[in-house]
Protein chains: 2
Amino acid sequence: MFAAEREYQFRPSNVTSIAAATPPTLASVFKSQPIETIQAGSALFWERDPAKHIFEVVEGVLRVVRIIGDGRRIITGFVFPGDLVGISMKDRYLYGAEAVTVTKVRRFARSAFQEKINQCPELRPKLFARLCDEMAAAQDQMALLACKTAEERLCSFLLLLARRTGAISKSTATVDLPMTRQDIADYLGLTIETVSRNMTKLTARGMIVPKGRHGYQFKIDRLALLAGDDDADNNSYDDHDMVVGQRFGRP
Amino acid sequence: MFAAEREYQFRPSNVTSIAAATPPTLASVFKSQPIETIQAGSALFWERDPAKHIFEVVEGVLRVVRIIGDGRRIITGFVFPGDLVGISMKDRYLYGAEAVTVTKVRRFARSAFQEKINQCPELRPKLFARLCDEMAAAQDQMALLACKTAEERLCSFLLLLARRTGAISKSTATVDLPMTRQDIADYLGLTIETVSRNMTKLTARGMIVPKGRHGYQFKIDRLALLAGDDDADNNSYDDHDMVVGQRFGRP
DNA sequence: CGAGCAGTTGAACAACCTCAAAAACGGTGG
DNA sequence: CCACCGTTTTTGAGGTTGTTCAACTGCTCG
């Protein structure tokens with residue numbers, strides 16, 4: 001849900017004495033909490049459950065699920081390690097969170113979390129930035145759902161995965177698709193058949209190359225061309241405090 | 001963009017009676033700023049402009065616009081009086097804001113706004129709540145775009161307008177549609193023709209009744225039935241810092 | 001080996017889109 | 001007040017993309 005704070009991953013080793021020299025990060029709030037394991041397919045919480053906790057994903061992938069009316073399902077996002085899920089001001093969750101793979105999380109009571117945020121002024125802009133990142137992602141997704149063709153949606157999705165979880169070496173990305181076709185379809189506003197057909201088509205055209213059971217490999221810029229939003233920096237890494245200029249012509 | 005703070009208007013008296021003298025609201029931050037007028041059709045700011053200011057809409061309607069790739073346009077939201085627009089942590093706006101009608105706004109420098117927020121601890125949860133509300137709205141919109149039929153989208157849209165701007169008297173709402181069909185189409189991920197046809201169809205069925213130039217009248221619950229998300233409370237007002245225990249089943 | 005499930009493929013169909021033209025509106029200037 | 005023009009909206013006919021329904025493949029796990 002919330003964009004990972006990549007910049008904090010390589011935090012200098014520093015032992016947690018009480019709020020003293022520790023550079024406070026959102027992750028550090030959860031640091032002391034025990035790790036819980038969620039089996040693949042089971043839910044961390046359901047839509048409309050009382051929103052008592054906030055979770056940090058340590059490992060694995062969650063899907064964020066909403067059901068409307070007559071059982072139609074939509075996945076509004078996937079949650080990756082480093083992300084938080086369950087943040088809200090309502091007293092009930094607006095969505096469910098289910099494990100796509102076996103997932104490890106840390107739990108924090110919402111009230112305690114709020115207190116923590118209020119106590120540490122350094123934390124607030126970070127939380128705020130995450131909300132803004134998530135908002136930006138939601139707008140991207142709206143653009144995808146409102147405008148893009150099935151093929152463009154799939155390419156956008158693969159690029160998203162590459163950015164969030166993929167192994168990238170010199171403009172070639174290798175991604176794993178742990179979620180089912182149904183999950184992908186519900187995320188992209190398509191049917192499983194359309195997802196399947198377009199994956200086949202992309203493979204046939206050599207735009208993506210299957211690697212192993214659920215893996216694919218592709219050239220980032222070639223797929224970016226097919227993703228629709230050829231806007232300058234939309235496909236590059238976020239310009240939060242980095243400026244990455246990797247952008248050539250063609251191979 | 002940000003949902004109006006309805007919840008604070010009718011706050012029950014038993015809750016937090018902290019600041020007696022000045023109840024600080026987000027609106028009060030802008031109170032002292034001069035009012036600027038934007039002509040219909042012109043922009044308050046453009047996508048990718050340096051994000052120097054935050055605006056409060058006092059009167060009128062703005063549309064929030066994004067352009068992807070080859071000129072496809074999407075409207076991610078409309079901004080009504082009481083809402084804020086332009087909030088972000090990036091240094092450039094992720095979207096443009098254009099006046100649908102003549103619009104009056106108050107402007108506030110982003111840096112000054114941030115400072116204000118940091119100074120007033122009462123303001124922070126309110127800003128936070130707005131972000132969360134907006135996030136919830138974005139998720140609703142994703143569900144709409146991913147799942148709903150053209151007719152359902154239009155009904156949802158009319159209900160949204162009724163909630164935000166409409167005159168409601170005993171289950172009958174009267175709304176004004178100041179935006180063009182093109183705006184509606186770009187908001188709902190449809191074409192103007194589809195919008196037009198479905199409006200005609202709804203009118204023919206007597207589900208909505210034209211009132212004046214751009215106005216329509218309808219029974220809220222009848223339209224809610226057609227809006228797709230027949231979820232219990234989706235169309236009701238939000239239960240912000242109230243704990244409503246409406247939930248039987250069994251614990 | 002067979003049951004069960006996820007994924008693929010095919011053919012017919014529907015919803016929505018595209019293109020085109022007509023109609024309604026709103027402003028402007030006689 | 002009316003005639004004119006540009007714009008927005010409506011209406012129509014035909015085309016496309018993605019859906020639906022159905023059969024088939026292949027994998028995993030008893």
Side-chain angles (χ1 to χ4, degrees), chain A residues 39-41 61 63 70-75 98 100-102 144-158 176-205 208 210-216 226 228, chain B residues 39-42 63 70-75 98 100-102 144-158 176-205 208 210-216 226 228:
Chain A
Q39 284 313 306
V61 184
R63 58 172 175 257
D70 47 336
R72 282 173 285 188
R73 190 181 85 145
I74 184 191
I75 292 180
E98 303 168 4
V100 171
T101 64
V102 178
L144 179 147
L145 293 169
C147 299
K148 293 191 185 176
T149 66
E151 184 178 280
E152 289 171 333
R153 295 183 201 202
L154 271 169
C155 293
S156 299
F157 176 63
L158 290 170
D176 188 58
L177 302 192
M179 62 288 291
T180 67
R181 292 287 193 256
Q182 188 65 62
D183 285 344
I184 300 174
D186 289 347
Y187 180 60
L188 299 178
L190 301 169
T191 59
I192 49 175
E193 293 94 333
T194 301
V195 170
S196 183
R197 273 187 256 273
N198 280 277
M199 289 298 282
T200 310
K201 204 162 56 173
L202 285 172
T203 306
R205 280 204 276 156
I208 60 178
K211 283 280 183 244
R213 187 74 192 87
H214 294 286
Y216 287 93
L226 299 180
Chain B
Q39 283 312 307
S42 60
R63 56 172 176 256
D70 48 336
R72 282 172 285 187
R73 190 180 85 145
I74 184 191
I75 291 180
E98 303 168 5
V100 171
T101 64
V102 178
L144 179 146
L145 293 169
C147 298
K148 294 191 184 176
T149 66
E151 183 178 282
E152 288 171 333
R153 295 182 200 200
L154 271 168
C155 293
S156 299
F157 176 63
L158 289 170
D176 188 58
L177 301 192
M179 61 289 292
T180 67
R181 292 286 193 260
Q182 188 64 63
D183 285 342
I184 299 175
D186 289 348
Y187 179 61
L188 298 178
L190 302 168
T191 59
I192 48 175
E193 293 95 333
T194 302
V195 170
S196 184
R197 273 187 254 272
N198 280 278
M199 289 298 283
T200 310
K201 204 163 55 174
L202 285 173
T203 305
R205 280 205 277 155
I208 59 178
K211 281 280 184 254
R213 186 68 193 92
H214 296 285
Y216 287 94
L226 299 180

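Each chain gets a letter, A, B and so on, in the order its sequence line appears, and its residues count up from 1.
If you walk DNA chain D from 5' to 3' and mark each nucleotide with an atom closer than 4.0 Å to a heavy atom of chain B, the marks span D/dT9 to D/dA13. Close approach of DNA chain C to chain B, defined as any atom under 4.0 Å from a non-hydrogen atom of the protein, starts and stops at C/dC16 to C/dG26.
Nearest approach of A/S156 to A/L144, heavy atoms of both residues: CB-CD1, 3.7 Å. Across every non-hydrogen atom of B/E152 and B/L226, the tightest pair is CG-O, 3.2 Å. The nearest pair of heavy atoms linking A/L177 to A/L158 is CD2-CD2, 4.0 Å.
Put simply, the side chain of A/R72 does not reach to within 4.5 Å of the side chain of A/I74, judged on heavy atoms.
When the local axes at the two ends of the helix from C/dC1-D/dG30 to C/dG30-D/dC1 are compared, using 5 base pairs at each end, they differ in direction by 30° after rounding to 10°.
Pairs passing the salt bridge (charged side-chain N to carboxylate O under 4.0 Å, His left out) check and including a residue from residues 177-196 of chain A, sequence neighbours excluded, read A/R63-A/D183, A/R73-A/D183, A/R73-A/D186.
To the nearest 0.5 Å, atom CG of residue A/L188 and atom CZ of residue A/F157 are 6.0 Å apart. Interatomic distance, OG1 of A/T180 versus CD1 of A/I192, reported as 8.5 Å (0.5 Å rounding). With values rounded to the nearest 0.5 angstrom, B/R197 atom CZ is found 12.5 Å from B/L154 atom CG.
Every salt bridge (charged side-chain N to carboxylate O under 4.0 Å, His left out) that B/R205 has, sequence neighbours left out, goes to B/E151. Among residues two or more places apart in sequence or in another chain, the side chain to side chain contact (heavy atoms under 4.5 Å, CB included) test is passed with A/D176 by A/P178, A/H214. For A/T194, the side chain to side chain contact (heavy atoms under 4.5 Å, CB included) partners two or more places apart in sequence, or in a different chain, are A/A150, A/L190, A/T191, A/N198. Under the ring pair (Phe, Tyr, Trp, His ring centres under 6.0 Å) criterion, B/Y216 pairs with no residue at all, not counting sequence neighbours.
If you check residues 180-190 of chain A against DNA chain D, the residues with a heavy atom closer than 4.0 Å are A/G189, A/L190, listed by number. Listed by residue number, the members of residues 193-204 of chain A with any heavy atom below 4.0 angstrom from DNA chain C are A/E193, A/S196, A/R197, A/T200.
Projected onto DNA chain D by closest heavy-atom contact, A/R213 and A/A150 fall at different nucleotides, the more 5' of which corresponds to A/A150.
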